[in-house]
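Beneath this line is the structure, given in structure tokens, with notes to follow.
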Amino acid sequence: MEQVKNNDAIYQLDGKVPVAKAVPFGLQHVLAMFVANIAPILIVAGVCKLPPEQSAALIQSAMIIAGIGTMIQLYPVWKVGSGLPIVMGISFTFVSIFCVVGVKYGYGAVMGATLVGGLLEGLLGLGARYWRRLVSPIVAATVVTSIGFSLLAIGANSFGGGFGNPNFGDAKYIIVGTITLVSCIVFNIFAKSFYKQLSVLFGLIMGYIAAFFAGLVDLSRMANADLVAIPQFLPFEMEFQPGAIFAVFLIFLVSATETIGDTSAMTAIGLKREVTEKEISGSIVCDGLVSSASSLFGCMPITSFSQNVGLIAMTKVVNRFAIFTGAVIMVLAGLFPMLGVLLASLPEPVLGGCTLMMFGSIVVSGVQMIANCGYNQRNVTIASLALSIGIGFTQAPGIFKIFPELIKNVFAENCVAVVFLAALVLNLVLPADPVEQEKQA
């Protein structure tokens, strides 16, 4: 049975898949990340007090940029892109620092910092061969595990109705989330062949129907949506504030860390091999340069979406063309606002019902990667201590009280950044395992 599964083109990176078969898998990826893709824009735009029409325009740009970024990641241009089935989207990692920068300097300074920070990350990616060895397999495995843990709260919050919802935890949210989750599981049990891997799409559809009857689907924006929308070039006058640029560049380093973890997880989970320097470099360069391009249209940085790594961990569908169809859907959703409004109407508990299982898959995959590194004393110390510090400290952010505001903004609520820093330092200072040294000799 496993051999039949592996021979299906949908499980092969460059397998030839008919459009009709590819589109459902592409749509599944889009629905899994769509709400999370536009949420950062709404949060930062709200804090910066942008008018509703500007926020709406930025949402359209976000969908187009995410689609184009995904296409470049799938099919590299020069040294930009990894060639791996990675989906790109607007990064939540930057939300807290952008809220600070936006309030202090204005949205123009946010865009200026994004332009410069993205270019610097791109240069960092081009020179990946000079520093890549610092990120050993045990460091990458620990970061992947932390990414999974960091997403669990996002899935649970969506399940309960979404962040900031005054009625969080109401029965209607729990019921809709449960219907979605159960639908995913039941479909996965009874579906045959490759159709099993569409369980998330089936769950999203069943959950959406349940949410509609529960009164959770809002299509009111349909009436005011334009037929076609073209992104505006340089909608904001950019400002280049040194303090903002430095702070945002630090977050770009965090984003690069997450990208390394996502790319490593993608190859380990989906392709059953270690990631190459070329793939790491291309992935980071894509993050940086496309983020800079994004700022030219008033949009926030984009990065690899861990949610979709979780989806591949569940389905093992790595076909680039199938995911490319999802990128096309994202671009169309940006160009045709009515399609975007329809996709954006997906209620939070529906998303939560599907993502709980996806995010758990990333945790399990990270643990498997740690196991593949070997449970010697050195690896166990690095993984256990880095995870304890990263997850523990960020669950009690008051522990960062004595640090400067800049450090708090970067680390206090970002467990992936803390785990990476701790794992990196431990990997550098702990002496090599004698048995491993003998093997290498």
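- Considering CE of Met314 and CG of Asn188, their distance stands at 6.5 Å, rounded to 0.5 Å.
- Residues Tyr75 and Phe324 bring their aromatic ring centres within 6.0 Å.
- A 4.5 Å side-chain heavy-atom check between Leu250 and Leu253 finds at least one atom pair inside the cut-off.
- Nearest heavy-atom pair across Ala66 and Gly89 is CB-CA, 4.1 Å.
- Here Leu351 contributes atom CG and Asn157 contributes atom CG; the two are 12.0 Å apart, rounded to the nearest 0.5 Å.
- Ion pair Asp8/Lys316 not flagged as a salt bridge, since none of the NZ, NE, NH1 or NH2 atoms sits closer than 4.0 Å to an Asp/Glu carboxylate oxygen.
- Residues Cys99 and Val103 have side chains not in contact (no heavy-atom distance under 4.5 Å, counting atoms from C-beta outward).
- What you find for Val200 and Leu311 is that their closest heavy atoms are CG2-CD1, 3.5 Å.
- Arg320 contributes no side-chain N or O that, together with a main-chain N or O of Asp14, makes up a donor-acceptor pair within less than 3.5 Å.
- Looking only at side-chain heavy atoms (C-beta outward), Phe249 and Leu119 stay at 4.5 Å or farther from each other.
- Side-chain contact between Val80 and Gln73 is absent, with no heavy atoms from C-beta onward closer than 4.5 Å.
- When side chains are defined from C-beta on, Ile323 does not count as touching Asn319, because their heavy atoms never get closer than 4.5 Å.
- Using modelled atom types, one finds a donor on one side chain and an acceptor on the other under 3.5 Å when comparing Glu348 with Ser158.
- Distance OG/Ser283 to CD1/Ile72: 12.0 Å, rounded to 0.5 Å.
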*How far apart are the C-alpha atoms of Phe98 and Met300, what are their side-chain angles, what is the distance that settles it, and do they pass the side chain to side chain contact (heavy atoms under 4.5 Å, CB included) test?*
CA-CA 9 Å; Phe98 279 170; Met300 290 168 55; 3.7 Å; yes

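- Once rounded to the nearest 0.5 Å, the distance linking OG of Ser199 with CD of Gln28 reads 6.0 Å.
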*Starting from the C-alpha separation in whole Å, work towards a yes-or-no answer on side chain to side chain contact (heavy atoms under 4.5 Å, CB included) for Ile65 and Met88.*
CA-CA 9 Å; Ile65 293 293; Met88 307 290 283; over 6 Å; no

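- Under the 3.5 Å distance criterion, the side-chain polar atoms of Ser82 are left unmatched by any main-chain donor or acceptor of Glu279.
- Residue Asn308 is tested with Val87, Val30, Thr70 for a side-chain contact (heavy atoms from CB on, under 4.5 Å); the sole match is Val87.
- Side-chain contact between Ile370 and Tyr375 is present, with at least one heavy-atom pair separated by less than 4.5 Å.
- Shown are Ile64, Ile90, Thr114; of these, the side-chain contact (heavy atoms from CB on, under 4.5 Å) with Cys299 is made only by Ile90.
- In this structure the side chain of Pro40 never reaches within 4.5 angstrom of the side chain of Phe94, judged on heavy atoms.
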*Output, in order, the C-alpha distance, side-chain angles, deciding distance and verdict of side chain to side chain contact (heavy atoms under 4.5 Å, CB included) for Asp287 and Phe252.*
CA-CA 9 Å; Asp287 267 23; Phe252 267 106; over 6 Å; no

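- Ring to ring, Phe400 and Phe411 are not that close: their centroids are 6.0 angstrom or more apart.
- The two residues Ala322 and Phe25 have their closest heavy-atom pair at CB-CB, 4.1 Å.
- Residues Leu50 and Phe236 have side chains in contact (heavy-atom distance under 4.5 Å, counting atoms from C-beta outward).
- Under the 30°/60° scheme for interplanar angles, the aromatic rings of Phe233 and Phe297 are found to stand perpendicular.
- The local environment of NZ in Lys408 is crowded, with over 12 non-hydrogen atoms from other residues, nucleotides or ligands closer than 6.0 Å.
- Residue Met71 holds its CE atom at 8.0 Å from CE of Met330, rounded to the nearest 0.5 Å.
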*Can you check side chain to side chain contact (heavy atoms under 4.5 Å, CB included) on Ile312 and Val317, steps first, answer last?*
CA-CA 6 Å; Ile312 287 179; Val317 173; 5.8 Å; no

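- The minimum heavy-atom distance linking Thr180 with Gly203 is given by the pair CG2-O, 3.3 Å.
- In terms of heavy-atom proximity, Gly125 sits nearest to Ile284 at CA-CG2, 3.6 Å.
- The closest side-chain donor-acceptor pair between Thr259 and Thr303 falls under 3.5 angstrom.
- Between Val95 and Ser91 the shortest heavy-atom distance is CG2-O, 4.3 Å.
- For the atom pair SG (Cys184) and CG (Leu198), the distance works out to 11.0 Å, reported to the nearest 0.5 Å.
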